[in-house]
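Throughout, protein chains are lettered first and strands after them, A, B, ... in sequence-line order, and every chain is numbered starting at 1.
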4 protein chains.
Amino acid sequence: MFILNPQSGVPLYRQLLDQVRRMVSSGQLPPGTALPSIRDLALLHAINPMTISKAYSLLETEGLLERHRGKPMTVANQAAARPQLARRLQQVEPLLDQVVLAARQLEITEPELAKALHTKWEEADE
Amino acid sequence: MFILNPQSGVPLYRQLLDQVRRMVSSGQLPPGTALPSIRDLALLHAINPMTISKAYSLLETEGLLERHRGKPMTVANQAAARPQLARRLQQVEPLLDQVVLAARQLEITEPELAKALHTKWEEADE
Amino acid sequence: MFILNPQSGVPLYRQLLDQVRRMVSSGQLPPGTALPSIRDLALLHAINPMTISKAYSLLETEGLLERHRGKPMTVANQAAARPQLARRLQQVEPLLDQVVLAARQLEITEPELAKALHTKWEEADE
Amino acid sequence: MFILNPQSGVPLYRQLLDQVRRMVSSGQLPPGTALPSIRDLALLHAINPMTISKAYSLLETEGLLERHRGKPMTVANQAAARPQLARRLQQVEPLLDQVVLAARQLEITEPELAKALHTKWEEADE
DNA sequence: GTGGTCTAGACCACA
DNA sequence: GTGGTCTAGACCACA
């Protein structure tokens with residue numbers, strides 16, 4: 001469900017944070033959905049429960065998740081409607097900036113980059 | 001010359017490291033080229049000289065840069081030969097993985113993503 | 001500087017949170033003031049640094065504190081002017097509610113309670 | 001009859017514990033009095049019966065309450081004799097400590113605090 | 001020196 | 001079963 005990469009330099013809790021935000025944004029996690037329990041995620045990804053707890057707590061502070069004593073956390077109601085395409089695109093922009101910067105510094109051309117992206121996309125389909 | 005973003009979650013020295021590697025890979029920084037002094041970069045980006053020094057030192061250990069007493073560091077000779085496209089593309093792949101993951105979690109379609117990438121690329125031309 | 005009571009049933013990080021909020025509210029910690037370092041506080045109160053770090057981080061999220069890489073955290077600028085008496089009183093109200101509830105359940109009269117409060121106040125002067 | 005506040009940071013069972021203790025201390029719940037059933041309290045406050053059960057059980061261990069199969073719990077006989085004022089005041093002291101600490105950190109003066117307490121007291125009369 | 005991230009693991013509160 | 005709090009301690013990034 002979530003993809004965590006410990007090598008990337010980005011803290012694990014932040015990777016989780018971003019992914020939950022996106023899946024709520026897209027409607028893949030609609031309001032009311034229960035999130036996987038902290039323990040389950042910790043076991044599954046072999047990371048410490050507190051790392052996940054930290055991400056979940058921050059999302060609660062943000063108002064995106066709701067806590068229910070003794071029950072799983074859920075996506076909040078006001079984590080409303082799936083935003084317009086434009087707003088969702090905004091969330092990928094920082095990454096696109098990094099990609100474009102990297103490609104240009106490597107003197108990769110635009111068609112070469114576009115092709116590489118296409119390949120990655122298709123790989124993800126499998 | 002370099003673009004550093006303290007908000008991204010990626011450590012500053014690592015951002016610098018990646019960028020130098022890429023510009024050497026692409027031939028934009030050919031062997032013998034002098035790098036900006038630690039002090040200049042520190043002033044320019046308002047960060048601590050030690051952060052830059054750390055990145056430069058790691059690149060020296062890697063054999064990509066050479067240190068010359070009292071003179072600026074330079075790109076090493078054996079850093080030479082611009083690698084094949086395939087090898088340069090490898091360096092952008094981790095970023096492309098992140099982009100594809102993010103886009104899919106946001107339910108952005110491939111054409112929408114391709115278009116956004118194209119826009120970013122053109123913006124960078126200016 | 002801070003008074004932490006592990007017996008009270010209130011989590012330590014929350015006690016700290018409340019106390020910093022109040023001292024910023026009152027102007028005892030004016031904008032720009034550096035807070036005691038996490039390590040110092042941890043040693044002083046013999047508690048774990050992460051507990052303090054958690055309180056500080058929440059206050060940063062709240063906008064009350066500012067983080068400075070490699071330097072102590074400070075009271076934020078927008079943690080503006082000392083609020084009116086009314087707003088400061090609001091912050092003690094939940095505690096007064098508890099006191100009044102407790103006293104009435106103990107059948108302590110108002111004058112008895114007022115006297116006890118007065119005594120406590122004077123003790124604190126010493 | 002009881003006032004429970006899930007936001008206060010103090011565990012629910014502890015709030016209940018304190019309140020029963022006080023009302024027994026004051027004689028508001030004299031020996032022999034039947035307590036509200038666990039089920040009723042749970043419904044009334046919308047909390048889990050086990051939480052109440054835990055508080056009642058602790059009070060039974062303490063000797064303050066007595067369990068009677070198939071009948072409501074009652075206040076124990078030896079719980080008797082309403083204690084002197086001094087002993088009842090002791091039970092509010094921890095709260096008064098918190099109030100005085102909070103007020104002083106907020107730079108609220110003693111008369112201001114006394115007045116606020118008076119107001120709260122009167123509000124409770126209604 | 002500063003704060004940040006993460007682990008392993010204990011124990012608590014609540015359903 | 002759920003999440004929350006706290007500890008002891010390692011190691012990292014930055015000044």
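In this structure, the CG atom of A:L65 is 11 Å from the P atom of F:dG3, given to the nearest Å. Here E:dA13 presents its P atom at 16 Å from CD1 of D:I52, a figure rounded to the nearest Å. A straight line from CZ of C:R39 to P of F:dC12 spans 14 Å, rounded to a whole angstrom. Here E:dC12 presents its P atom at 18 Å from CE of A:M50, a figure rounded to the nearest Å. For D:I38 and E:dC14, the CD1 to C1' distance is 15 Å, given to the nearest whole Å. Distance NZ (C:K71) to P (E:dG4): 15 Å, rounded to an integer number of Å. Atom NE2 of B:H45 is separated from atom C1' of F:dA15 by 18 Å (rounded to the nearest Å). Here E:dC12 presents its P atom at 9 Å from OH of D:Y13, a figure rounded to the nearest Å.
Here C:T51 does not reach the OP1 or OP2 of F:dT5: none of its side-chain N or O atoms lies under 4.0 Å away. Contact between the side-chain N/O atoms of A:S53 and the OP1/OP2 oxygens of F:dG3 is not found at any separation under 4.0 Å.
Along DNA chain F, the nucleotide nearest B:L12 and the nucleotide nearest C:P11 are compared for position; the residue whose nucleotide lies closer to the 5' end is C:P11. Both C:R67 and A:P49 lie close to DNA chain E; mapped to their nearest nucleotides by heavy-atom distance, the more 5′-ward contact belongs to C:R67. Of the two residues near DNA chain E, A:G70 and A:V10, the one whose nearest nucleotide lies more 5' is A:V10. For B:K54 and A:M73, each mapped to the nucleotide of DNA chain F holding its nearest heavy atom, the one lying further toward the 5' end belongs to A:M73.
Distances were taken from every side-chain heavy atom of A:R69 (C-beta onward) to each of E:dT7, F:dC14, E:dA15; the shortest belongs to E:dA15. Relative to the side chain of C:I47, the nucleotides F:dA15, E:dA13, F:dT7 differ in distance, and F:dT7 lies closest.
Considering CZ of C:R67 and OG1 of C:T61, their distance stands at 8.0 Å, rounded to 0.5 Å.
F:dT2 is paired with E:dA13 under the Watson-Crick or G-U wobble criterion, all donor-acceptor distances under 3.5 Å.
At a threshold of 4.0 Å, the pair D:E107-C:R88 does not count as salt-bridged, since none of the basic side-chain nitrogens sits closer than that to a carboxylate oxygen.
In this model, no donor atom of one side chain and acceptor atom of the other lie less than 3.5 Å apart for A:S26 and B:Q105.
At least one side-chain heavy atom of C:I47 sits under 4.5 Å from a side-chain heavy atom of C:I52. Side-chain atoms of C:F2 and C:L44, non-hydrogen and from C-beta on, never get closer than 4.5 Å to each other.
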